[in-house]
Amino acid sequence: MMIKHWIIGLLGAFLLTWIAGRSLVDSILVRVADPVLQAITLRPDDLIAWRSEGWGLTLVGPHGLPGWQPRDTDLRVALWGDSQVEGVCVDDVDKIHRQVITLAAQVAGIDCDCLPVGRSGTDARDWRQRMPIVQAVFQPRCHVWLITDLDDLTALADPAPLPPAGPWARESPAWVRVLAELRGEALFSGAKRLLLNPDTGGLRSLDFSLGPRTAPAPNAETTANSPGVGDGEPRLDMVTSQVAEVATSFGESLILVYAPATPRIHNGWQGSHPDDERFETLRDAISARGIEVLDLRPDFLELWNGERKLPRGFPNGTPGLGHLNRDGNRIVASRIAAALSSRLLPAPSTAEPISLGNPR
Amino acid sequence: MNFAQLEYILLLAAIVLVNWRLQLPNLRKAILLAASYYFYAYWDYRFAGLLAISTLLDFTIGWTLPKVSQRSLRRLLLMVSLVGNLGLLGFFKYFNFFIDSARPLWDGLGWRVETLEIILPIGISFYTFQTLSYTIDVYRERIPSCRSLVDFAIYVAFFPQLVAGPIVRAAEFLPQIERMLKPRRETFYAGLAQLLRGYVKKVLIADSLATLVDPVMAGPELYAWPTVVLAVFGYAGQIYADFAGYSDIAIGSARLLGFELPENFRHPYLAHSPRDFWRRWHITLSTWLRDYVYIPLGGSHFGTLVTGRNLLVTMTLGGLWHGASWNFVLWGFWHGWMLIATRRWSDQPPPSPVRHALRIASTFAIVLVGWTLFRTTDLTHFATLWRQLLLPQAGYLWLPPQPLIALAALAIEHVLWMTRYRELLELKPDRWTTPWLVGLALAALLLFAPTAFRPFVYFQF
């Protein structure tokens with residue numbers, strides 16, 4: 001009798017978790033190959049729930065662009081970056097690209113479209129590689145690189161070949177698609193937490209060796225500084241020349257937007273960022289080549305000073321850390337919109353754009 | 001090794017299995033001792049030697065004491081134990097504190113006295129108190145001395161309670177080691193249930209609350225008043241769930257191996273007076289301090305003034321035991337004063353439910369003020385926290401849902417505990433609700449445990 005109770009009870013709890021899981025944990029991301037962009041993208045028409053830091057919903061648009069609804073205009077902007085461009089923690093209306101469209105219309109009366117072509121976990125090497133295809137497909141007037149971590153930009157000077165694109169290297173296997181169809185988010189998330197190392201994303205390994213070992217401090221902040229970064233001017237010179245090369249290749253239509261994790265308050269007040277000096281050196285060198293660099297640090301500081309709000313962080317995360325929130329996205333979008341107003345003047349198109357799918 | 005690591009669960013499972021299957025008690029003892037030293041050396045093998053020294057010292061003194069009848073020699077042996085144990089504890093834990101605290105004196109004398117880079121051996125405060133209590137009890141002839149070094153070494157190093165208690169008395173534990181009984185089925189189940197309750201408290205409640213408390217306490221002046229208030233309540237919840245969770249895991253692990261450890265917590269936030277609080281909070285430390293400090297000082301037998309002094313001394317030493325910092329000293333002093341101030345409060349809860357609730361609330365308020373002393377790093381930090389509580393400045397408003405849910409869950413659990421629904425929480429195997437609760441608890445642990453590594457709060461002591 002007791003065994004029957006236990007079997008029914010445990011199965012019931014499992015079922016309840018399965019059903020509730022879909023609204024409590026992140027959706028399963030299904031990635032497919034997009035023949036037009038010649039890349040692995042999110043599956044169009046999927047509705048993705050973000051539940052980790054902030055709660056948000058994303059409807060994946062044509063070509064796997066998150067939250068994108070094609071607009072009937074040929075004034076297009078390609079927005080490059082990492083997961084900040086995907087807007088993984090906010091609803092579609094609060095994503096940077098959607099706010100750029102809204103603010104460009106409000107500020108300068110420009111009817112433009114902004115394409116969130118960035119992907120999580122990528123850096124400028126990936127963006128540079130994919131820019132020609134995006135240029136050919138969408139013919140954007142302007143490319144915006146959103147740099148939220150300076151290493152994403154300085155990676156350009158890394159002589160090593162572009163590393164494998166992680167989850168973007170191949171389509172999701174069949175079992176992931178089946179699990180997604182069955183709405184098995186809870187099972188997927190549980191298995192991931194059990195099997196994967198949360199810090200590295202690789203398979204969890206067990207360590208039974210003897211100490212001495214020091215426990216990582218709680219909330220230890222990982223300041224990503226790849227080896228060799230910040231070693232001096234030659235490296236930064238290389239970055240500058242690479243950026244200039246990209247800008248030249250795309251008709252001087254490149255804008256760099258720097259939006260680091262600053263200010264931060266999680267370990268007391270930190271109004272500056274460890275990368276400040278490196279960035280300023282780079283900014284001056286890149287600007288000297290005629291490339292527009294938007295520095296958002298003063299805007300973020302102003303947000304704190306004026307409203308006691310932070311550009312990053314969500315209720316479930318740590319204030320000031322993690323992804324850009326709605327306020328941060330608004331600031332990024334407003335600066336981009338203002339910069340675009342002078343650039344997005346109507347110009348005759350040189351070729352017919354490829355079909356972008358049906359506007360929703 | 002941390003209880004919240006997957007490695008610990010696997011190690012425990014392996015030891016439980018071996019302990020279950022093997023028949024020879026001596027072999028089981030050897031394995032238990034080896035596992036306990038491995039558990040300790042996993043953190044730092046160098047300090048396993050310290051553990052062994054402390055064990056050998058008190059085993060030898062305990063062995064010798066019954067053979068010595070001369071009073072002065074017996075006292076000398078006791079002093080050797082006290083000086084040895086407290087000397088090690090004092091050096092590793094308090095050396096730098098006293099050097100820094102006496103800095104004006106050194107400067108006045110023109111001496112250049114520097115602090116040392118000392119790593120505090122994990123669990124030293126706990127096992128020192130255990131070995132001391134053994135020697136004192138043998139000296140007082142309250143227990144016979146232990147004749148087996150292996151048994152005594154297991155008593156000192158028993159891995160479930162080695163690094164953060166419960167502080168076990170030799171009289172409770174040594175007979176269990178001698179018998180080496182295997183757990184009965186009911187005990188085994190009770191151990192599993194307690195283990196699960198411990199993990200829910202530690203991982204789901206304490207660690208969730210830490211995600212709120214740690215950032216806010218790092219800079220309370222930067223946060224809005226509601227957030228700071230929430231963090232203060234959150235810390236009360238965090239430290240309770242963290243330590244009670246640790247104790248549950250320790251007691252549950254011990255049960256799986258056939259051992260019973262003493263209870264360490266009995267819903268302390270339901271206490272109706274500070275005295276009642278200390279009968280419910282870290283019970284094994286409170287009773288240790290009562291038996292080896294408060295009563296030897298005279299207890300409550302010599303009038304109000306002496307009793308007050310004894311309470312202050314005992315609680316201040318209790319505060320200092322927690323850490324080498326003036327905040328801990330003041331925390332102990334605060335509790336000492338509160339014990340004195342509320343001595344007229346009846347030992348029994350008031351009969352009226354309203355008065356009872358008011359008493360619980362008043363006691364909780366006293367405890368909460370104490371926790372602000374305990375959590376802040378120094379007096380400037382303490383003042384900053386209280387300034388933001390009493391004269392709030394504009395700051396970041398942050399009300400994270402998961403810690404809020406954790407706090408609410410803790411409050412609901414306390415309320416349920418006072419009603420007939422407490423049986424639900426006891427996870428009795430024959431209740432139809434238990435499998436559901438166990439299944440949901442396991443799922444919640446898997447899906448909602450914060451991913452960042454958070455050591456147990458009491459590991460630092």
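Chain identifiers are assigned alphabetically (A, B, ...) following the order of the sequence lines, protein sequences preceding nucleic acid strands; residue numbering begins at 1 within each chain. What you see below is based on every heavy atom in this structure, not just the backbone, and it leaves out hydrogens, waters and symmetry mates. Note that the structure is a prediction, hence the values are computed from the model and not measured.
Of all non-hydrogen atoms in B:L222 and A:G268, the two that sit nearest each other are CD1-C, 3.6 Å.
Both the backbone and the side chain of B:P429 come within contact range of chain A, with heavy atoms under 4.5 Å apart. No part of B:F47 comes within reach of chain A, as not one of its non-hydrogen atoms sits under 4.5 angstrom from that chain. Using a 4.5 Å cut-off between heavy atoms, B:W398 touches chain A through its side chain atoms alone. With a threshold of 4.5 angstrom between heavy atoms, B:Y40 does not approach chain A through any atom at all. In this structure, chain B has a heavy atom under 4.5 Å from the backbone of A:S205, while its side chain stays farther away. For A:F14, no part lies under 4.5 angstrom from a heavy atom of chain B. Residue A:L10 touches chain B through both its backbone and its side chain, counting heavy-atom pairs closer than 4.5 Å. Contact of A:L11 with chain B is not made at all, since no heavy-atom distance falls under 4.5 Å. There is no contact between B:L437 and chain A, counting heavy-atom distances below 4.5 Å.
B:L399 is not listed as a side-chain neighbour of A:P315, based on a closest heavy-atom distance of 4.5 Å or more. Two residues are said to be in side-chain contact when any heavy atoms from C-beta on lie closer than 4.5 Å; B:W43 and A:P212 fail this criterion. Residues B:T211 and A:T318 are not in side-chain contact: their nearest non-hydrogen atoms beyond the backbone lie 4.5 Å or more apart. By the 4.5 Å heavy-atom criterion applied to side chains, B:W432 and A:I8 are not counted as neighbours.
Interatomic distance, CZ of B:F448 versus CZ of A:R51, reported as 10.5 Å (0.5 Å rounding). To the nearest 0.5 Å, atom CE of residue B:M1 and atom CZ of residue A:F208 are 6.0 Å apart. Distance check, rounded to the nearest 0.5 Å: CZ of B:R46 to CG of A:L210 gives 12.0 Å. Distance check: A:W6 CH2 to B:T434 OG1 gives 6.0 Å after rounding to the nearest 0.5 Å.
When the candidates A:S189, A:G12, A:G21 are compared by the number of heavy-atom contacts under 4.5 Å with chain B, A:G12 comes out ahead. Looking only at heavy-atom pairs under 4.5 Å with chain A, the residue among B:P403, B:P220, B:A394 that has the most is B:A394. Taking chain B as the reference chain and counting heavy-atom pairs below 4.5 Å, the highest number among A:L16, A:L194, A:L206 is found for A:L206. No other option in A:G313, A:G190, A:P319 has as many heavy-atom pairs under 4.5 Å with chain B as A:P319. For the set B:V216, B:I119, B:L404, B:L440, the count of heavy-atom pairs under 4.5 angstrom toward chain A peaks at B:L440. Contacts with chain A were tallied for B:G439, B:G219, B:P401, B:A443; B:P401 has the most, counting heavy-atom pairs under 4.5 Å.
Summarising the local packing, CD of A:E277 is surrounded by 12 or fewer heavy atoms from other residues, nucleotides or ligands at distances under 6.0 Å. Residue-environment remark: CH2 (B:W225) stays at or below the threshold of 12 foreign heavy atoms within 6.0 Å. Annotation for A:R31: atom CZ counts as buried by contact number, over 12 foreign heavy atoms lying within 6.0 Å. Heavy-atom contacts from other residues, nucleotides or ligands closer than 6.0 Å to CD of B:Q393 number 12 or fewer.
A donor-acceptor pair under 3.5 Å is formed between the side chain of A:R193 and the backbone N or O of B:A449. B:Y42 places a side-chain N or O within donor-acceptor distance of the main-chain N or O of A:D207, the cut-off being under 3.5 Å. With hydrogens and angles ignored, the 3.5 Å screen pairs no side-chain donor or acceptor of B:Y396 with any backbone N or O of A:W304.
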Check the pair A:L24, B:L447 against side chain to side chain contact (heavy atoms under 4.5 Å, CB included), reporting the backbone distance first and the verdict last.
-> CA-CA 9 Å; A:L24 295 174; B:L447 294 177; over 6 Å; no
Please walk me through it: do A:R308 and B:L397 pass side chain to side chain contact (heavy atoms under 4.5 Å, CB included)?
-> CA-CA 8 Å; A:R308 285 292 185 264; B:L397 181 65; over 6 Å; no
